[in-house]
**Student:** 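Have a look at the structure that comes next, please.
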Amino acid sequence: IFFTFLLLFVKSMMPPGVPEMTFNILVNNLQTLVILPGIVTNFLYGYFLDKKNKPLETAIFALSGGATASLLTCFVTNPYDWKIFASALLLGLTIPGLFVISMYLTIKHIPSDKRGLMIGFKSMVGDLAYFVIASGGGLVYDYWRKDGPFIICTVMLTVALISTLIVHKKMLA
């Protein structure tokens with residue numbers, strides 16, 4: 001979903017007459033900045049969760065990094081702006097953490113006879129979130145503003161970060 005809106009967002013900022021190849025190279029570079037760090041950081045998130053036992057710190061880093069990346073995209077003024085490359089890199093570094101930590105918490109804290117149910121529920125909620133971002137983001141992209149989907153992502157990740165902190169505080173009480 002991020003790639004789709006990123007592609008549309010960058011294309012909307014391209015000046016007329018720019019060759020399609022130039023646009024494709026730019027988008028491929030941005031996608032590489034998201035995918036390559038994601039491949040590496042998956043292992044790092046697993047290491048910090050297993051060996052260092054820091055699920056809260058990992059969740060806060062992943063959520064705040066994803067929110068910052070989405071927000072940074074809203075301030076991009078041209079397709080070659082450093083902020084769009086920084087946001088793609090930051091997204092690649094942090095978003096895999098959301099998937100890793102959700103599976104980690106499910107496996108670690110749910111009884112073995114309920115893990116499949118909870119992993120399925122987590123997947124369902126994740127798919128619903130994708131649906132909201134894709135359909136809602138598409139509407140705001142078309143009818144409100146081009147950076148609307150990134151604003152939605154920022155808001156959703158910020159709400160998730162605040163919810164994580166509230167739940168953690170209540171668990172400690």
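Note that the structure is predicted; figures quoted are calculated from it, not measured.
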**Student:** How many angstroms lie between CD1 in Ile101 and CD in Glu57, if you round to the nearest 0.5 Å?
**Tutor:**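 That separation rounds to 9.0 Å.
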**Student:** Which hydrophobic side chains are connected to Leu117, either touching it within the sub-4.5 Å cutoff or through other members that do?
**Tutor:**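 Under the 4.5 Å side-chain rule, Leu117 groups with nothing.
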**Student:** Compare all side-chain heavy atoms of Met103 with those of Lys122 and state whether any distance is below 4.5 angstrom.
**Tutor:** yes
**Student:** Working to the nearest 0.5 Å, report the span between NZ of Lys11 and NZ of Lys146.
**Tutor:**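 Here the interatomic distance stands at 12.0 Å.
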**Student:** State plainly whether one hydrophobic cluster holds both Val10 and Tyr80, where clusters connect Ile, Leu, Val, Met, Phe, Trp and Tyr through side-chain heavy atoms under 4.5 angstrom apart.
**Tutor:** yes
**Student:** Is Ile60 reachable from Leu91 through a run of hydrophobic residues whose side-chain heavy atoms are each under 4.5 Å from the next?
**Tutor:** yes
**Student:** I need the Phe75 CZ to Ser87 OG distance, nearest 0.5 Å.
**Tutor:**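 With rounding to 0.5 Å, CZ (Phe75) is 12.0 Å from OG (Ser87).
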**Student:** Which pair of heavy atoms, one from Ala59 and one from Thr164, lies closest together, and at what distance?
**Tutor:** CB-CG2, 4.3 Å
**Student:** Determine whether a donor-acceptor pair (N or O, by modelled atom type, separation under 3.5 Å) exists between the side chain of Tyr104 and the backbone of Leu49.
**Tutor:**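 Confirmed, Tyr104 side chain pairs with Leu49 backbone.
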**Student:** Within 45 degrees of the axis of the six-membered ring of Tyr47 and under 6.0 Å from its centre: does Lys52 put its NZ or CZ there?
**Tutor:** no
**Student:** Measure the spacing between CG of Leu157 and OG of Ser70 and express it to the nearest 0.5 Å.
**Tutor:** 5.5 Å
**Student:** Hey, which of Thr158, Asp147, Thr154 is the one that makes side-chain contact (heavy atoms from CB on, under 4.5 Å) with Leu71?
**Tutor:**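 By the side-chain contact (heavy atoms from CB on, under 4.5 Å) criterion, Leu71 pairs with just one of Thr158, Asp147, Thr154: Thr154.
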**Student:** Could you report the tightest heavy-atom contact between Leu89 and Pro37, atom names first, then the distance?
**Tutor:** CD1-CG, 3.6 Å
**Student:** Of the non-hydrogen atoms in Cys74 and Ile151, which two are nearest, and what is the gap between them?
**Tutor:**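 Looks like SG-CG1, 3.5 Å.
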**Student:** Tell me the closest heavy-atom pair linking Lys108 and Asn53, and the distance in Å.
**Tutor:** NZ-OD1, 4.0 Å
**Student:** Side-chain heavy atoms nearer than 4.5 Å, only ILVMFWY residues, links allowed to pass through others: does that put Ile95 and Tyr130 together?
**Tutor:** yes
**Student:** Indicate if Val155 and Leu72 have the same hydrophobic cluster label, given that clusters are the connected sets of ILVMFWY residues with side-chain heavy-atom separations under 4.5 angstrom.
**Tutor:**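 No: no chain of side-chain contacts under 4.5 Å links Val155 to Leu72.
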**Student:** Look at the rings of Phe5 and Phe150 and say which category their plane angle falls in: under 30° parallel, 30 to 60° tilted, over 60° perpendicular.
**Tutor:** perpendicular
**Student:** Flag yes if Val34 and Ile39 sit in one hydrophobic cluster, no otherwise; membership is Ile, Leu, Val, Met, Phe, Trp, Tyr, and two members link when side-chain heavy atoms are under 4.5 Å apart.
**Tutor:**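 Linked, Val34 and Ile39 end up in one cluster.
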**Student:** Testing the basics here: between Met118 and Ile110, what is the closest heavy-atom pair and its distance to 0.1 Å?
**Tutor:**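 Nearest heavy atoms, Met118 then Ile110: CG-CG2, 3.7 Å.
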**Student:** Measure the spacing between CG of Leu8 and OH of Tyr141 and express it to the nearest 0.5 Å.
**Tutor:** 4.5 Å
**Student:** May I ask you to test the Pro149-Phe9 pair for a side-chain heavy-atom distance under 4.5 Å?
**Tutor:**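 A side-chain contact is absent here, since even the closest heavy-atom pair is not under 4.5 Å.
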**Student:** Can you name the closest pair of heavy atoms from Tyr45 and Thr58 and give their distance?
**Tutor:**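 Tyr45 and Thr58 have their closest heavy atoms at CD2-CG2, 3.2 Å.
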**Student:** Within the supplied structure, the quantity of interest is the number of heavy atoms (other residues, nucleotides, ligands) at a distance under 6.0 Å from Phe48 CZ; does it exceed 12?
**Tutor:**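 Not buried by this count: 12 neighbours or fewer within 6.0 Å.
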**Student:** Can you tell me how far CG of Asn29 sits from CD1 of Ile84, rounded to the nearest 0.5 angstrom?
**Tutor:** 12.0 Å
**Student:** Counting C-beta onward and ignoring hydrogens, is there a side-chain heavy-atom pair between Val140 and Arg145 closer than 4.5 Å?
**Tutor:**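 No; the side chains remain at least 4.5 Å from each other.
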